[in-house]
Amino acid sequence: MKSTPVLKYKVSQSEKLGRYLQAAKDLNPGEVILRETPITVGPITSSKDLLCLSCLRSLPKIKKVPQYVCSRCKIAPLCGTACEERGRHHTVDECEIFQANKLRLSASNIEDITGVLLPLRLWLLKRNTELWTRIESLEAHMDKRRDTPVWIDREESVVNVMKSLGLVSEDDASVLETLQRLCGVLDVNTFELRSPGGLDGLLLRGLYLEASLMAHDCRGNTHLTVDDNFQLTVYASLPIKQGDTIFFNYTSSLLGTLGRREHLLGGKYFECECSLCKDPYELGSYMSSILCPRCRRGYIGMQNPLTKFPFEKVTRWRCEKCRGSIGGRLVRATLNISRSLIDDVDEGDIEELESLTTKLLKSFHPNHFLMLALKQKLLAAYRREVSTPNPRKKILRKMLNACKDMHDVLEIVEPGISRLKGIMLYEMHLPLVLLANRSYSANEISPTELASRLEEAGGLLKKSLTMLLLEPADTPEGKLAKRALQELKGLNQNIIDVKTFAERPRKNKSHKNK
Ligand SMILES: C[S@@+](CC[C@H](N)C(=O)[O-])C[C@H]1O[C@@H](n2cnc3c(N)ncnc32)[C@H](O)[C@@H]1O
């Protein structure tokens, strides 16, 4: 007899969150909570990129026109016959509406079509009554959007374009309201996706009916992956108890409280009050803290992080050591000056990046979001040197330290399974191995010490794999996981060889540093 699978979550409702997902049983880190395919997927609104309307990969543009178009509508750009036969996202309904509007549509105004493709695809689902009822139940925050700049923008870039292309009726007054609602549904509920393969930089959005019900917390308890067929998998990233809310982080965890809250208010229409946002020192991550200009020992944090006026003169930012305070204006001035210095820095010049880091450390906590942005630029520059045949030893050490620093902040803001942490752990193993091998070749360490350092690197790889192995094989991170597995295999063999060598009777071999 087949056993019925136990549903891992249920849909609940509260005044504050609206509908949200709640764990229906205890969940372990790495456990799948749900798997789902999108009801629709398309480019971000106002995208001008040329892409295959079936598989959604980007296409080369030759003389501004696509090389292959759908043989039925003669409008939809496609990769070729294979994509046409599979017709995955260029549906029959879409093809028919293009055919019906031949007079106004052509392959040469494809940019206009691409810009409205996602709302059009959602609109076409109207023909499926059951699905449409569910779409209508999604949050669109119409009252908060009405007559705001985003409303006006969508009227110009979506409603008017769709009317002018003949995709919706021009004289039906309810069309404007419905299309605005659909734009709201897309802005509030879609997940940002990468184009298949993830390497062409094309940004897409997908609408998932169940996963979109997850509530937000800046330190979510889930880890999300998406494969090349846009199948979304939601994993528990931490232990989740039955009855706990299932949270997903709608924003970027490395932004600092003000940036995260601004993004959520502007795009998702609510004021986040999670534990990270409420704490003046962001749970010890100090991602928005500047060095106290009075005592120069402690770090200052916003006394009331949920204030609407963080940069007013009267808003106090307090030092956790001397308890002295400064006004918001001084903080804003410090941020603005530093931001422009970071914008102007030459990203390819390690010395310039390092000297700016030293300079800004006189004003900021090392984990301040601006310092983290700078650290990511530095890491990219270190990575470039480390991939050359003979990287400098000091660069290897610095890369190792930068990865460790990033990893330590991520432990606070992305606890449990995290893609970025997986990548940082992978990147840490590389300089560790290179440094150990160099020290051994320079006769600075014994074979036993070499084996122990290689084991340390192997430990990092293993930990990184516990996170990266959840990534679908076709994504860049999935490919990194595959590489990490191969490297771990090679490393394990090296460790065995070194240990065997270390156990052999020694003939007066001495090391400078044992
Ligand atoms: C993607 S929808 C989630 C489903 C939605 N609650 C519903 O009932 O359809 C996002 C919306 O949920 C609400 N929401 C999610 N997380 C929240 C939070 N931490 N605090 C307040 N509102 C939240 C906000 O209204 C937000 O715009």
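Start at 1 and go down the list; that is how both ligands and their atoms are numbered.
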Requested in this report: Go through His263 and Tyr250 one step at a time and tell me if the ring pair (Phe, Tyr, Trp, His ring centres under 6.0 Å) criterion holds.
Outcome: CA-CA 9 Å; His263 179 224; Tyr250 295 179; 9.1 Å; no

Requested in this report: For ligand 1, find out whether one of its N or O atoms is nearer than 3.5 Å to an N or O atom of Leu17.
Outcome: yes

Requested in this report: Answer yes or no: is there an ion pair linking Lys308 with Glu271, defined by an N-O contact shorter than 4.0 Å?
Outcome: yes

Query raised in the report: Is Asp187 salt-bridged to Arg205, going by a charged N under 4.0 Å from an acidic O?
Result: yes

Query raised in the report: Can you tell me the protein heavy atom closest to atom 7 (C) of ligand 1 and the distance?
Result: Arg19 N, 3.7 Å

Report task. Over 60° means perpendicular and under 30° means parallel, so classify the ring planes of Tyr286 and His365, tilted if in between. Result -> parallel

Report task. Counting heavy atoms only, name the option from Gly18, Gly184, Ser212, Ala215 that's nearest to atom 4 (C) of ligand 1. Result -> Ser212

Query raised in the report: Salt-bridged, Arg219 to Glu414, with N to O below 4.0 Å?
Result: no

Query raised in the report: Between Tyr281 and Tyr299, is the gap from one ring center to the other below 6.0 Å?
Result: no

**Report entry** ligand 1-proximal atoms of Phe270, by part, heavy-atom distance under 4.0 Å
**Finding:** side chain

Query raised in the report: Hey, are Thr257 and Glu282 close enough side-chain-wise for a donor-acceptor pair under 3.5 Å?
Result: yes

Query raised in the report: Centres of the Phe270 and His216 rings: under 6.0 Å?
Result: yes

Report task. Find all atoms of ligand 1 within a distance of less than 4.0 Å from any non-hydrogen atom belonging to Glu139, and give their numbers and elements. Result -> 9 (O)

Query raised in the report: For atom 15 (C) of ligand 1, which protein heavy atom lies nearest, and how many Å away is it?
Result: Tyr250 OH, 3.3 Å

Query raised in the report: How far is atom 16 (N) of ligand 1 from its nearest protein heavy atom, and which residue and atom name does that atom have?
Result: His216 N, 2.9 Å

Query raised in the report: Counting from 1, what ligand 1 atoms have a heavy atom of Val188 closer than 4.0 Å?
Result: 1 (C), 10 (C), 27 (O)

Query raised in the report: Do any heavy atoms of Cys272 fall under 4.0 Å from ligand 1?
Result: no

**Report entry** N/O separation below 3.5 Å, Glu271 to ligand 1
**Finding:** no

Report task. Please verify whether a non-hydrogen atom of Phe247 lies at under 4.0 Å from ligand 1. Result -> no

Requested in this report: Examine Lys268 against ligand 1 and note whether any of their N/O atoms are separated by less than 3.5 Å.
Outcome: yes

Query raised in the report: Should you measure from each heavy atom of Asn189, which atoms of ligand 1 turn up under 4.0 Å away?
Result: 1 (C), 2 (S)

Query - Tyr20 and ligand 1 - part of the residue with a heavy-atom distance under 4.0 Å - result: neither

**Report entry** Side-chain H-bond candidate by donor/acceptor type, Thr148 with Arg145, under 3.5 Å
**Finding:** no

Query raised in the report: Please state which protein non-hydrogen atom is closest to atom 25 (O) of ligand 1 and give its distance, to 0.1 Å?
Result: His141 NE2, 2.9 Å

Query - Validation row: Ile39, Leu122 side chains within 4.5 angstrom (heavy atoms) - result: yes

